[in-house]
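Numbers here simply count residues along the sequence, with the first being 1. Not measured: the values here are computed from a predicted model. All heavy atoms count here, side chains included; hydrogens, waters and symmetry mates do not.
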Amino acid sequence: MRKILHVEDDEDIRTIVDIALSFAEDFELRQCHDGPSAIEAAQMFQPDLLLLDFMMPDMSGREVRAAISDMPGMENVGTIYVTAKAEDAFSETLLLEGALKVITKPFDPMTLAAQLREAL
């Protein structure tokens, strides 16, 4: 079972992701509403994948990824960003920085689990 740490400040999107992945028996999902709580959760949860909103108050998804990647044993955790910023150049930059995938909001919850499996 793959552990996914989902970080999203929008409660509605967290709910959609929770429902979308609840049918996927190969994923264990933990959700956080902000960067600091995600960093704390990552230490105990030890995720295989970070599913990060890119634009959040206080800490961006990029900052959350950097903080978690600095933790011992977490250097190679895969990252998928979910963002409303749909420009190709922006997505390309995130991919060049090591993201496995960039999913643009709004996304199709019916295909989310398949997109995560494909990226992993």
State the [atom1]-[atom2] distance between [X] and [Y], to the nearest 0.5 angstrom.
| X | Y | atom1 | atom2 | answer |
| --- | --- | --- | --- | --- |
| E8 | T15 | CD | OG1 | 10.0 Å |
| R30 | M44 | CZ | CE | 8.5 Å |
| K85 | T104 | NZ | OG1 | 12.0 Å |
| F54 | T79 | CZ | OG1 | 11.5 Å |
| L52 | I68 | CG | CD1 | 6.5 Å |
| C32 | L50 | SG | CG | 10.5 Å |

Taking atom [atom1] of [X] as the centre, does the number of heavy atoms from other residues, nucleotides or ligands within less than 6.0 Å exceed 12?
| X | atom1 | value |
| --- | --- | --- |
| E25 | CD | no |
| D58 | CG | no |
| E75 | CD | yes |
| M110 | CE | no |
| D88 | CG | no |
| R14 | CZ | yes |

Residues clustered with L112, ILVMFWY side-chain links under 4.5 angstrom
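For the cluster that includes L112, the remaining residues are I4, I13, I16, V17, L21, F27, L29, L49, L51, I80, V82, L100, I103, F107, L116, L120.
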
- Query: Less than 4.0 Å between a side-chain N and a carboxylate O, is that true for R62 and E97?
  - Reply: yes

Search all heavy atoms of [X] against all heavy atoms of [Y] and return the closest pair with its distance.
| X | Y | answer |
| --- | --- | --- |
| Y81 | L94 | CD1-CD1, 3.9 Å |
| E63 | M59 | OE1-CA, 3.1 Å |
| A38 | V64 | CB-CG1, 4.2 Å |
| P47 | M74 | CD-CE, 3.3 Å |
| R117 | A24 | NH2-CB, 3.5 Å |

- Quick one: does M71's side chain get under 4.5 Å of I39's, heavy atoms only? yes

Q) Is M55 close to T83 at the side-chain level, that is, under 4.5 Å between some pair of heavy atoms? A) yes

Main-chain N/O of A66 paired to S69 side chain as donor or acceptor, under 3.5 Å = no

With a 3.5 Å distance limit and no angle check, can you tell me whether D48 reaches the backbone of K3 through a side-chain donor-acceptor pair?
yes

